[in-house]
Student: 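Before anything else, here's the structure in question.
Side chains are part of it too, since the values below use all heavy atoms of this structure and drop only hydrogens, waters and symmetry mates. Predicted model, so just to flag it, every value in this text is computed and none were measured. A note on names: the letters A, B, ... follow the listed sequences, proteins ahead of strands, and every chain is numbered from 1.
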Amino acid sequence: MKPGGGGGAAVPHFLSKVWALVEDPQTNEFICWSADGQSFNVLDEESFAKKILPKHFKHNNMASFVRQLNSYGFHKVIQYESGSAKQERYGSGKYQHPCFKKGQEELLSKIKRKVSNLSVCLQASFQAHSDLKGFMCPGAHQFFFPTILVSIIKGITSP
Amino acid sequence: MKPGGGGGAAVPHFLSKVWALVEDPQTNEFICWSADGQSFNVLDEESFAKKILPKHFKHNNMASFVRQLNSYGFHKVIQYESGSAKQERYGSGKYQHPCFKKGQEELLSKIKRKVSNLSVCLQASFQAHSDLKGFMCPGAHQFFFPTILVSIIKGITSP
Amino acid sequence: MKPGGGGGAAVPHFLSKVWALVEDPQTNEFICWSADGQSFNVLDEESFAKKILPKHFKHNNMASFVRQLNSYGFHKVIQYESGSAKQERYGSGKYQHPCFKKGQEELLSKIKRKVSNLSVCLQASFQAHSDLKGFMCPGAHQFFFPTILVSIIKGITSP
DNA sequence: GACGTTCTAGAATATTCGCAA
DNA sequence: CTTGCGAATATTCTAGAACGT
């Protein structure tokens with residue numbers, strides 16, 4: 001269960017919604033897959049922000065949408081304009097993530113949200129020590145080992 | 001015999017009452033099975049709280065009802081609105097438990113109330129170490145960092 | 001400047017809005033100062049949640065409003081009903097904070113948002129152990145020492 | 001002592017603002 | 001100048017804790 005904005009699945013709400021929007025033919029005027037299916041396009045950011053976003057999120061700001069994309073590791077694809085011939089539509093944008101590809105919805109679960117320092121550091125620091133498994137507290141539903149921590153605290157406080 | 005509320009069955013009163021409410025056709029306007037029978041819906045939480053709850057419990061607060069649901073391991077199901085077609089009713093909610101399914105009342109006895117992991121386990125373990133005082137977090141009534149340690153441990157043990 | 005919610009003042013948006021709501025005569029039917037000006041009352045929580053909240057916040061849930069109040073250190077005031085004479089309005093609530101008092105708007109800036117115990121307790125507890133400095137997690141801006149705990153745990157688990 | 005009710009806090013995601021690479 | 005990110009607040013779902021029956 002993913003709280004916060006309300007997750008009910010392994011995939012956060014945000015990702016599910018973006019996927020649905022890109023897939024939905026009714027919104028293809030605003031957001032759709034790119035030609036090669038490796039990224040998605042927002043065709044008119046202003047219209048998309050004002051018309052589509054508030055139906056699915058609690059805001060109507062393109063900047064907030066982009067911030068979320070970045071949080072999940074999406075990157076804007078810089079479209080090189082060959083010469084001046086190309087008339088790019090004003091306000092369009094292309095965004096990409098290696099696990100966000102047309103026809104491969106199962107990859108969504110691999111997209112991880114980047115969080116800021118606290119949890120990241122803790123987890124990052126401890127993940128390198130996966131040899132610490134196997135400490136169940138009797139009665140607990142999860143992995144747990146208070147006794148050991150008592151020893152730790154004692155070690156710290158009365159060295 | 002299950003104490004607490006003075007039940008006479010193996011299933012706690014709370015679960016029996018929720019089951020009865022979901023089944024009862026007369027209250028289907030407020031609470032009913034979902035279409036697939038895998039969860040139940042509260043259609044209008046405020047009406048449900050004010051009209052139905054006090055008839056069966058000692059309160060009329062949706063929050064207390066939800067707290068009980070969570071205590072028994074129910075989870076809220078996030079309903080994703082695909083597109084704008086779906087007209088979700090205001091203030092509705094869907095709740096689910098793997099042993100709460102339409103037509104399978106016998107599963108109810110498998111639903112267990114969760115006890116507080118923290119106090120139970122930590123206190124048991126720490127009582128043998130009464131020399132650890134002085135690690136009180138100001139404002140805390142107990143040793144100071146149970147939750148955080150749990151977080152750390154969870155990070156270690158369930159990567 | 002307080003980011004998040006987009007404040008432009010020293011007082012977070014939430015506090016400013018609550019203050020304005022309590023002061024505003026037009027919303028006194030739903031939220032107003034208590035008689036002594038030491039707290040504020042929400043007279044009908046469900047009406048307040050559905051009618052007032054969405055006009056000022058991005059939600060219409062009383063629970064979210066209460067979560068914010070608690071985050072800022074407000075407490076619910078338990079109203080003792082003297083005998084059976086007092087007819088308390090159904091679904092009302094009184095909330096109080098030592099720096100939220102009628103006529104003293106300047107106190108608002110003293111109300112601080114509580115952050116997750118995680119950092120608070122860690123810092124509070126470990127500041128008394130300044131000999132543990134030097135254990136900064138790279139990228140972290142605060143006191144922190146996962147590495148030491150890992151070392152300790154490893155030392156205990158694999159002696 | 002397990003269960004029920006209430007108030008508060010934890011934890012993850014969401015939204016906003018501003019800055020810097 | 002633009003993209004991406006840090007950090008603070010906001011919203012949601014779940015759990016902790018205290019008290020009562």
Student: Rounded to the nearest Å, what distance is computed from the CG atom of residue Leu15(B) to the C1' atom of nucleotide dA2(D)?
Tutor: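 So the two atoms are 13 Å apart, to the nearest Å.
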Student: Find the distance His56(B):NE2 to dT5(D):C1' and express it as a whole number of Å.
Tutor: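 To the nearest whole Å, that distance equals 17 Å.
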Student: Tell me, please, which residues at least two apart from Phe74(A) pass ring-ring contact (aromatic ring centres under 6.0 Å, His included).
Tutor: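 Per chain and number, Phe74(A) pairs via ring-ring contact (aromatic ring centres under 6.0 Å, His included) with His97(A), Phe100(A).
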Student: To the nearest Å, give me how far apart CZ (Phe14(C)) and P (dT15(D)) are.
Tutor: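 Spelled out: CZ on Phe14(C) to P on dT15(D) is 18 Å.
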Student: Check the distance between dA7(E)'s P and His13(C)'s NE2 and give it to me in whole angstrom.
Tutor: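 Roughly 22 Å, once rounded to whole Å.
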Student: By side chain to side chain contact (heavy atoms under 4.5 Å, CB included), which residues pair with Lys76(C), not counting sequence neighbours?
Tutor: Glu45(C), Tyr95(C)
Student: Residues two or more places apart in sequence or in another chain: which of them pass side chain to side chain contact (heavy atoms under 4.5 Å, CB included) with Ser64(A)?
Tutor: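 Ser64(A) satisfies side chain to side chain contact (heavy atoms under 4.5 Å, CB included) with His59(A), Asn61(A) only.
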Student: Just jot down the side chain to side chain contact (heavy atoms under 4.5 Å, CB included) partners of Glu46(A), sequence neighbours excluded, or say none.
Tutor: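 Glu46(A): side chain to side chain contact (heavy atoms under 4.5 Å, CB included) contacts with Asp44(A).
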Student: Please tabulate the protein-to-nucleotide N/O contacts below 3.5 Å involving nucleotides 6-8 of chain D, giving atom names and distances.
Tutor:
residue, atom, partner, partner atom, Å
dT6(D), OP1, Asn61(B), ND2, 3.1
dT6(D), OP2, Asn61(B), ND2, 2.7
dT6(D), OP2, Ser64(B), OG, 2.5
dC7(D), OP2, Lys76(C), NZ, 3.1
dT8(D), OP1, His75(C), ND1, 2.7
dT8(D), OP1, Lys76(C), N, 3.2
dT8(D), OP2, Asn70(C), OD1, 3.3
dT8(D), OP2, Lys76(C), N, 3.2

Student: So which protein nitrogen or oxygen atoms get under 3.5 Å of nucleotides 19-21 of chain D's nitrogens or oxygens?
Tutor:
none

Student: Please name all residues satisfying side-chain hydrogen bond (donor to acceptor under 3.5 Å, both in side chains) with Ser71(C), sequence neighbours left out, ordered by chain then number.
Tutor: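 Result, side-chain hydrogen bond (donor to acceptor under 3.5 Å, both in side chains) vs Ser71(C): Arg67(C).
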Student: Sort out for me which residue in Leu107(C), Leu15(C), Leu108(C) forms a side-chain contact (heavy atoms from CB on, under 4.5 Å) with Cys99(C).
Tutor: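 Exactly one candidate clears the test, Leu107(C).
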Student: Residues two or more places apart in sequence or in another chain: which of them pass side-chain hydrogen bond (donor to acceptor under 3.5 Å, both in side chains) with Ser109(C)?
Tutor: none
Student: Met62(C) has an atom CE; how far is it from atom C1' of dC13(E), in whole Å?
Tutor: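 To the nearest whole Å, that distance equals 17 Å.
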Student: For Lys101(B), check side chain to side chain contact (heavy atoms under 4.5 Å, CB included) against everything at least two apart and list the hits.
Tutor: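 For Lys101(B), the residues satisfying side chain to side chain contact (heavy atoms under 4.5 Å, CB included) (neighbours in sequence not counted) are Gln38(B), Gln104(B).
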Student: Is the NZ or CZ atom of Lys17(A) positioned over Phe57(A)'s six-membered ring, under 6.0 angstrom from the centre and within 45° of the axis?
Tutor: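 The answer is yes; both the distance and angle limits are met.
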Student: Return the value, rounded to whole Å, for the distance between atom CG of Leu69(A) and atom P of dG4(E).
Tutor: 9 Å
Student: To the nearest Å, give me how far apart OH (Tyr72(A)) and P (dG4(E)) are.
Tutor: 17 Å
Student: Rounded to the nearest angstrom, tell me the gap between atom CZ in Arg113(A) and atom P in dA11(D).
Tutor: 16 Å
